[in-house]
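Structure, as C-alpha cells:
Every chain is numbered from 1 and lettered A, B, ... according to where its sequence line falls, protein lines coming before strand lines.
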Number of protein chains: 2
Amino acid sequence: MKPRHVHRSEDCRAISEILQRVGDKWTVLVVGMLSNGPMRFSELRHAVGGISQKMLTTTLRGLERDGFVTRTVFPTIPPRVDYELTELGHQLQEPVNALADWARQNTLHINAARSRYDAASKQEG
Amino acid sequence: MKPRHVHRSEDCRAISEILQRVGDKWTVLVVGMLSNGPMRFSELRHAVGGISQKMLTTTLRGLERDGFVTRTVFPTIPPRVDYELTELGHQLQEPVNALADWARQNTLHINAARSRYDAASKQEG
DNA sequence: CTGAATCCACGCAGATACTG
DNA sequence: CAGTATCTGCGTGGATTCAG
C-alpha cells in the first residue's frame, strides 16, 4: 500500500482549521438548506429543525463574517431578513458533499467497527 | 445560478455527524501524520507538536474505535505501541484532502471577508 | 418577525501527578 | 515508554426573557 499523499505540518493545520470551522453543530445544516436558494430567518429555523434561535443567529453571523452568506434586511413591519449563499458558499458545498458521500458510503463500516470495539472493551473492562 | 445539488434533511445530518467527528482539534492532524506509515506513540506526539499526551491518547482511542487506525502493542520493556491507518482510515483522507485543497485556495478570500465584516462592525459600534 | 442579553449545564481540552 | 487519574478552566450550545 503506497501513500496517497504527502503531508506537511502547515497544510494539516489549515485542514484542521477549516474542518473545525464547518464542523460545529449547525453550520453544514444551515448551508445545506440555503443551497436551494435564499430563505428568511423563520423559514430557515423551521427547515433545519431543532435549532434554537440563538444558535441560528450565531451560525448565520459566522457564515456572514466569512463571506459564505449574505444578509438582506427588508425594513418592513414586521421585519423580514433573507439569507442567501454567496458564490463562495456554494463552492464550499462541493468538497463538503464529497465528504458527505464518503460518510454515507461508510456509515455501516464505522458503526460496525464501533460495535466491535465496544464489545471488546466491555469484555476486558 | 442553478443549484448544484439537492439536499435532504437526513443527508445533511449525516454530513454534520462526520464533520463533527473529524472536526475536533487533533484528529486530522494525527491522521495526516499516520498517512505516511505506522508510527509509535511518542513519535506521533513529537510529530504533531503541541498535543498533550492525554489528548493524543483520547484521539487515538476514538480513531481506533471507529476503525480508522489499528493499535499494536509490543510487550517489551520499555513498552512500544504502534499506530497505523487502516484502509478505511486511508480512504477517509481522500475527501478530507479535497476539503483541504479548497481551504488552501480560499483562505485569502475568507480572511478578506472577515476583515471587511469586522471593519464594518466596528464602524457601526 | 428577528433578533439581543442573560443565565446555566455540559463536554472538550490542558496541566499535573502517578503507574506498569 | 505509554499510558491512567484527577482537577480545573473555558467554549459551545440550550432555555428563557426582553426589545425594536
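- Annotation: side chain of A/L85 is in contact with side chain of A/S35 (closest heavy-atom distance under 4.5 Å).
- Contact check, B/R71 against D/dG3: a side-chain N or O comes under 4.0 Å of OP1 or OP2.
- Going from atom CH2 of A/W26 over to atom P of D/dG11 covers 22 Å, rounded to whole Å.
- For the pair B/I77 CD1 and C/dT19 P, the interatomic distance rounds to 17 Å; values are reported in whole Å.
- As a whole-Å value, the separation of A/L56 CG from D/dT12 C1' is 16 Å.
- Among the protein residues, B/F74 comes within range of no part of the nucleic acid, since none of its heavy atoms lies under 4.0 Å from any strand.
- For A/Q53 against C/dA4, a side-chain N or O and a base N or O form a donor-acceptor pair under 3.5 Å.
- Note: OH (B/Y83) to P (D/dA2) measures 8 Å, nearest angstrom.
- In this structure, B/R40 does not reach the D/dC1 phosphate: none of its side-chain N or O atoms is under 4.0 Å from OP1 or OP2.
- When the nucleotides C/dC1, C/dG3, D/dG3 are ranked by their closest atom to the side chain of A/T57, C/dG3 comes out on top.
- Using a 4.5 Å cut-off on side-chain heavy atoms (C-beta onward), B/R61 and B/T57 make contact.
- Residues A/M55 and A/K25 are not in side-chain contact: their nearest non-hydrogen atoms beyond the backbone lie 4.5 Å or more apart.
- At a threshold of 4.0 angstrom between heavy atoms, the contacts of B/K54 include nucleobase atoms, whether or not backbone atoms are also involved.
- The distance from atom CD1 of A/I51 to atom C1' of D/dA15 is 14 Å, rounded to the nearest whole Å.
- When the C1' atom of D/dC1 is taken as reference, atom CG of B/L60 falls 14 Å away, rounded to whole Å.
- When the side-chain nitrogen and oxygen atoms of A/R80 are compared with OP1 and OP2 of C/dT2, none of them lie within a distance under 4.0 Å.
- Following rounding to the nearest Å, A/L44 (CG) and C/dC1 (P) show an atom-to-atom distance of 14 Å.
- Phosphate contact (OP1/OP2 of D/dA2, side-chain N/O of B/S42, threshold under 4.0 Å): present.
- Side-chain atoms of A/R71 and A/L60, non-hydrogen and from C-beta on, never get closer than 4.5 Å to each other.
- Contact check for B/D66 versus A/Y117: no side-chain heavy atoms found under the 4.5 Å cut-off.
- Among the nucleotides C/dA13, D/dG3, D/dC1, the one closest to the side chain of B/R61 is D/dG3.
- The distance between atom CG of B/D24 and atom P of D/dG11, rounded to the nearest whole Å, is 18 Å.
- With the nearest nucleotide of DNA chain C identified for both A/V73 and B/M55, A/V73 has the one nearer the 5' end.
- In this structure, B/R45 reaches neither bases nor backbone, as no heavy-atom distance under 4.0 Å exists between it and the strands shown.
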